[in-house]
Amino acid sequence: MSSTASHLREPLVTGNPTLAQISDEVCAPMERKPSWMWWTAFLLALSALIAGFSAIGYQLYNGVGTWGLNKTVGWGFDITNFVFWIGIGHAGTLISAILFLFRQKWRTSINRSAEAMTLFAVLCAAIFPFIHMGRPWFGAYWIMPYPNMRGPLWTNFRSPLVWDVFAISTYFTISAVFWFVGLIPDLATVRDRAKTALRKKIYGVLSLGWSGSNRHWVHYETVYMLLAGLSTPLVLSVHTIVSMDFATSVEPGWHTTIFPPYFVAGAIFSGFAMVLTLLIITRKVLSIEHLITLNHLENMAKIITATGMMVGLAYGTEFLIAWYSGSNYEGFVFFSNRATGPYAWAYWTMISCNVIAPQVFWFKKARRNIYVLFFFSLVVNVGMWFERFVIIVTSLHRDYLPSSWAMYNPTWVEYTTLLGTFGLFFTLFLLFTRVLPVVAIGEVKAVLGFARRHPETTSQPHAVTAQPSPAAARVEVAHG
Amino acid sequence: MAKKAPKIQEPKEIKQYLVGVYGTEEQILAVTAAVVQAGLPVHDTFTPYAVHGLDTAQGLPRSKLTYVTGIGGLLGLLTALTLQIYTQSIETPFWSGWPLNVGGKPFMPLTAFVPVSFELTVLFGGLITVGGLLSFCGLLPGRKPRLHIEGVTNDRFAIALDPTGLHFDEAQAKTLLSEHGALEIAYVEENA
């Protein structure tokens, strides 16, 4: 068969692999023994996880007093980390749902690992609201509405914190389900190539009896589209509601109507930075550089620059409104405290990492250099952590009443807990690379035809190739 | 008294299908269209990924799962509104939540109920859709594929014809399948 490559676009997957090669290459890391690099990373992550959970145990036993919070600064590392991790999670759903609806086919190589990252990040995030209650065993009736023996006394649905409970739990559930639905055909691929009986059994159970039947594919594709349609507003709603935790208060610096779009842009920004960090390592360690190509990384760098500038615009808008509104309190928070007060170092770290640093990706050379990409993805991660720290702490520590002004000094328990969530995140991600296909095999196979003759998709722009009409192509195939 | 006849287990009818296996997407599209045009009974086609255009070639209708999602979403919306209005707003001697005065806020602020209503709409819609997918396709943990054809989850494309179907003509079917470049033509048994 002659292949008529598109002259307009580079192929999504390089090296022109066959279908069987894709299966082999993606499944290989699951079928061989882990390398020493994997073990080193895993043990490091596991140690961090154990340290972090010990710190959480210590805090639960002794109380929230082990943290550096005080009467003025009631939210510190806990909520900073919560918002940070939730934000990280957003890139996965953006890639799997929004880019799917926009027919961005390059998403197919990276959606699986980005979705996994989403789930693990949301798990990390969920830890913080629980432990910051101090006595999380009471959490059930503080946050979940269920009939109880206290009246029943219900949760207050007028509170954004209760909205958050629904938003986060829905987000986690739907992301998990979306991820699993995407995995079903790939699990069947793993089942059918399994060498040992145990492996066959486990993946047989997980793949639910998938046979590749086209009658199933028709339903499957519909469900995939429906879930993408449901997840798209969902992902926007989650960080919107998180931002309402702040925006519905009367705290200067929080009481801002631009918070929802500003938080969503920031979430996508930080999420893509984390996907970039993870994938640069993963593609190298698993040698799948031709599946997750420089083009993928470059596209993500472009999104980082775009969302970084949206975030920068939001920072600027906050200042403009603080000045233009004439509100003394707003003016104080932004001009006298955030930018020049005792936490100015955190503020300027945030500005340098989030607004200035991503400008480097205007240059194609920078976007296609692995080291530059990796370094700046870390910089953005740091910057976005500081953004949440700045929003939370600098608004709280100098409130309306100067006599109650205070500083916030986090303790070792808080630092160790933060470290522990990174441990949890990387432990889960490393386990994921061992037991599940890190690239969506079925979806990548479907886009291999992207640069080849593809008679069924001539209506789409990518199929603008030097080829005969679709009918002629079909006849040619029929006779070939 | 007539002696009761010993119960004889009828051998289970195992269905067989005539399967043609192909190596490319173009071939399966062409052969499916040709088989349907010849009026032969297509049981199903099997592919490693969703091949676009194959559903129309095979004459499959659109999935009805969209309606399931719609109903699921509505159910979630109703659940959320009932839950919130009942617990926050309703106080009658017979059927009562526990409306609390929180800072003088209204007892039934519908705008404040929007976020939770939206989330539960999505949650119910999504979960019920996936439940629908599993039940429409008969997928369950521990199930075996009904018709297991070697390689279709890897790099093979297969079409299965039903020999018990109307207008099945083995000779014609085999000729058609091999004309389109079948790598293999064989009868495959269904898993009981």
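Just so we're on the same page: letters track the sequence lines, and every chain starts at 1.
- No other option in B:Gly142, B:Gly181, B:Gly23, B:Ala50 has as many heavy-atom pairs under 4.5 Å with chain A as B:Ala50.
- The closest donor-acceptor contact from the side chain of A:Lys445 to the backbone of B:Asn154 lies under 3.5 Å.
- For the pair A:Arg107 and A:Glu443, the salt-bridge criterion is met [side-chain N within less than 4.0 Å of a carboxylate O].
- Ranked by heavy-atom pairs under 4.5 Å with chain B, the first of A:Leu206, A:Leu227, A:Leu226 is A:Leu226.
- Looking at B:Gln88, the atoms closer than 4.5 Å to chain A (heavy atoms on both sides) all sit in the side chain, from C-beta outward.
- Taking all atoms of both residues into account, the shortest heavy-atom contact from A:His90 to A:Ile86 is ND1-O, 2.9 Å.
- Only the side chain of A:Thr173 has a heavy atom closer than 4.5 Å to any heavy atom of chain B.
- Counting only distance, with no hydrogens or angles, the side chain of A:Arg112 and the backbone of A:Gly182 share a donor-acceptor pair below 3.5 Å.
- Options B:Ala160, B:Gly126, B:Gly138 differ in how many heavy-atom pairs under 4.5 Å they form with chain A, and the most are formed by B:Gly126.
- When atom types are taken as modelled, the side chain of A:Asp186 and the backbone of A:Ile441 share a donor-acceptor pair closer than 3.5 angstrom.
- No donor-acceptor pair closer than 3.5 Å links the side chain of A:Thr170 to the backbone N or O of A:Ala167.
- Interatomic distance, SG of A:Cys27 versus OH of A:Tyr203, reported as 9.0 Å (0.5 Å rounding).
- Across B:Val31, B:Val152, B:Thr69, the residue that shares the most heavy-atom pairs under 4.5 angstrom with chain A is B:Thr69.
- Both the backbone and the side chain of A:Pro233 come within contact range of chain B, each with at least one heavy atom under 4.5 Å from a heavy atom of that chain.
- Interface remark: A:Thr155 contributes backbone atoms only to the contact with chain B (heavy atom separation under 4.5 Å).
- Counting heavy-atom pairs under 4.5 Å between each of A:Tyr171, A:Trp163, A:Phe178 and chain B puts A:Trp163 at the top.
- In this structure, chain B has a heavy atom under 4.5 Å from the side chain of A:Val177, while its backbone stays farther away.
- By the neighbour-count criterion of 12 heavy atoms within 6.0 Å, atom OH of B:Tyr67 is sparsely surrounded, having that number or fewer from other residues, nucleotides or ligands.
- At a 4.5 Å heavy-atom cutoff, the contact between B:Leu140 and chain A is made by backbone atoms alone.
- Among B:Leu147, B:Leu83, B:Thr121, the residue making the largest number of heavy-atom pairs under 4.5 Å with chain A is B:Leu83.
- Taking the side chain as every heavy atom from C-beta outward, A:Trp179 and A:Thr118 never approach each other to under 4.5 Å.
- Contacts of residues 103-111 of chain B with chain A at a heavy-atom distance below 4.5 Å involve B:Lys105, B:Pro106, B:Phe107, B:Pro109, listed in sequence order.
- The closest donor-acceptor contact from the side chain of A:Thr108 to the backbone of A:Val444 lies at 3.5 Å or more, if one exists at all.
- For the pair B:Pro145 and A:His216, the minimum side-chain heavy-atom distance is 4.5 Å or more.
- Counting heavy-atom pairs closer than 4.5 Å to chain A, the top-ranked of the candidates B:Leu127, B:Asp55, B:Thr66, B:Leu133 is B:Leu133.
- Although no hydrogens or angles enter the test, the distance criterion places no donor-acceptor pair under 3.5 Å between the side chain of B:Tyr22 and the main chain of B:Leu29.
- When each of A:Ser23, A:Ser213, A:Gly204 is checked for heavy-atom pairs under 4.5 Å with chain B, A:Ser213 comes out on top.
- In terms of non-hydrogen atom pairs under 4.5 Å with chain B, the most contact-rich of A:Pro185, A:Gly229, A:Ala20 is A:Ala20.
- Residue A:Arg193: no heavy atom, backbone or side chain, is found under 4.5 Å from chain B.
- Judged by distance alone, the side chains of B:Glu25 and B:Thr47 never bring a donor and an acceptor atom under 3.5 Å apart.
- For residues 238-246 of chain A, a heavy-atom distance under 4.5 Å to chain B picks out A:Ile241, given by residue number.
- Panel note: side chain B:Arg143, backbone A:Leu208; no donor-acceptor pair is recorded below 3.5 Å.
- When atom types are taken as modelled, the side chain of A:Ser231 and the backbone of A:Ala228 share no donor-acceptor pair closer than 3.5 angstrom.
- Ranked by heavy-atom pairs shorter than 4.5 Å toward chain B, the options A:Asp24, A:Asp164, A:Val190, A:Asn156 are led by A:Asn156.
- Residues B:Leu123 and A:Phe166 are not in side-chain contact: their nearest non-hydrogen atoms beyond the backbone lie 4.5 Å or more apart.
- Using a 4.5 Å cut-off between heavy atoms, B:Leu134 touches chain A through its side chain atoms alone.
- No more than 12 heavy atoms of other residues, nucleotides or ligands sit less than 6.0 Å from atom CE of A:Met225.
- Taking both residues in full, the closest heavy atoms of A:Asn214 and B:Asp44 are given as N-OD1, 3.4 Å, listed atom of the first, atom of the second, then distance.
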